[in-house]
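Before any comments, here is the structure.
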Amino acid sequence: MRKETKCIEAGYTPKNGESRMIPIIQSTTFKYDTSADMGKLFDLEASGYFYTRLQNPTNDFVAAKLTALEGGAAGMLTSSGQAASFFSVFNLANAGDHVIASTSIYGGTYNLFSVTMKKMGIDFTFIDPDCSDEELEAAFRPNTKAVFGETIANPALIVFDIERFAKAAHSHGVPLIIDNTFATPVNCRPIEWGADIVIHSTTKYLDGHDATVGGAIIDSGKFDWMAHADKFPGLCTPDDSYHGITYAEKFGKEGAFITKATAQLMRDIGAIPSPMNCYILNLGIESLAVRMKRHCENAQKVAEFLQANENVAYVTYPGLPGDKYYELGKKYMPDGTCGVISFGVKGGRKAAEEMMKHLKLAIIATHVADAHTCVLHPASSTHRQMTDEELIACGVMPDMVRFSVGIENVDDIIEDLAQALEASKNA
Ligand SMILES: *Cc1c(COP(=O)(O)O)cnc(C)c1O
């Protein structure tokens, strides 16, 4: 199946007389005939459902669709993108371990890594995605367990050189984790470029309608854990909490990562989305390919309009010829990048805020990447906890406006921007 077809058809095939849409199995528990039957599930000897804190069939239909779209081997949904980021790293790294992450990642992920996971004893080195080969080599340590980057960084719109970082990670025997939220599997499939694990905030384009918060983790099934068994004891030595099962032995390359993340992390932490939310997410994914095409077409026109506007200081959009990331964007996302643009308003922070006040169609929202056009000033909202130096280091200018182009008629979006930019002159 091609990607447009997978958006509609993958993950669930009704049998004779079954519902066309995925069923919402809104049940915490599942019934078994004998205790022995249930025991097999607890021992991971049989697959099946017993408690929705760990797994639910509705969720798994949608996870299977995303796994097909990303070209992975196994996948799971989480209650948020933050939970997906946390699980993807914590499934590999323990206290005393080290992870390399791009400086250009979502502010919430930066905070999770640099503050919360640091308190758990995991050390992070943040490196510039455009660093030299020497700098990249120097970041690796004997206890490094993973490399983490974002296909298109939110909100800096820096395109990550997936292939380059995958090669570096693999030469040190560790996997590359890619947050593919902004590109979506319709525009980029990081696994084809060497990524081992892909995560998403499904809250953004995948849901696409401001409706549900969620996350996803997809494993390529390609990383050979056993070949690096000394680095990954959690996957390659017996798990006492599962009667001595060794995940990489019992479930192989294809199943080890997601089985451990489900059986251990989801069991203990419980960041599971509700089946109802997964159903809504699935509705969003059905139209993903159509929406992404429109998002990219609209964003291209808006970026060109902004570039030509006298009140705009700079425009960042990887789809614009001349943009620093235009070539990388073309390589990884030949069909288009995303619908998010960032730009500066002449007159700085004050003029940017004035411009935003006058927008009528584009709403101010702590959100991005969905059907409705929305706008945000990262420095005073999502990235508020960062200093100006930290902001600049991760590619977020203090005067930058993040503009998320929706799928309305693009002429309405441009007219709205034109009048608000005109009004910004009075700031
Ligand atoms: C929003 C976002 C997240 C966090 O996801 P939530 O669903 O809000 O928890 C992670 N990564 C990126 C790129 C995001 O845009």
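Sequential numbering from 1 along the given sequence is applied to the chain's residues. The model shown is predicted, which means the values in this text are computed figures rather than measured ones. All ligand and atom numbering here is 1-based and tracks the order in the structure.
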Exercise. Can you say whether the rings of W225 and F257 are parallel (under 30°), tilted (30 to 60°) or perpendicular (over 60°)?
Worked result: parallel
Exercise. Taking 4.0 angstrom as the limit, do R164 and D133 come out as a salt bridge?
Worked result: yes
Could you list each nitrogen or oxygen of ligand 1 that sits under 3.5 Å from a protein nitrogen or oxygen, with the atom names and the distance?
from     : atom 1 : to   : atom 2 : distance (Å)
ligand 1 : 5 (O)  : S201 : OG     : 3.0
ligand 1 : 7 (O)  : G81  : N      : 2.9
ligand 1 : 7 (O)  : S201 : OG     : 2.8
ligand 1 : 7 (O)  : T203 : OG1    : 2.6
ligand 1 : 9 (O)  : G81  : N      : 3.0
ligand 1 : 9 (O)  : Q82  : N      : 2.9
ligand 1 : 11 (N) : D179 : OD2    : 2.7
ligand 1 : 15 (O) : N154 : ND2    : 2.8
ligand 1 : 15 (O) : K204 : NZ     : 2.6

Identify every side-chain donor-acceptor pair in residues 281-289 under 3.5 Å, counting partners at least two apart or on other chains, and give the distances.
from : atom 1 : to   : atom 2 : distance (Å)
N282 : OD1    : K65  : NZ     : 2.9
S287 : OG     : G284 : O      : 3.3
S287 : OG     : R291 : NE     : 2.9

Which atom pairs, one a donor and one an acceptor, fall under 3.5 Å between side chains of residues 348-360 and the rest of the protein, sequence neighbours left out?
from : atom 1 : to   : atom 2 : distance (Å)
E354 : OE1    : K357 : NZ     : 3.2
H358 : ND1    : E354 : O      : 3.0

Problem set entry | Check ion pair K3-D335 (N to O, under 4.0 angstrom) | yes
Seminar exercise, completed: With sequence neighbours left out, the residues meeting salt bridge (Lys or Arg N to Asp or Glu O under 4.0 Å) with D399 are none
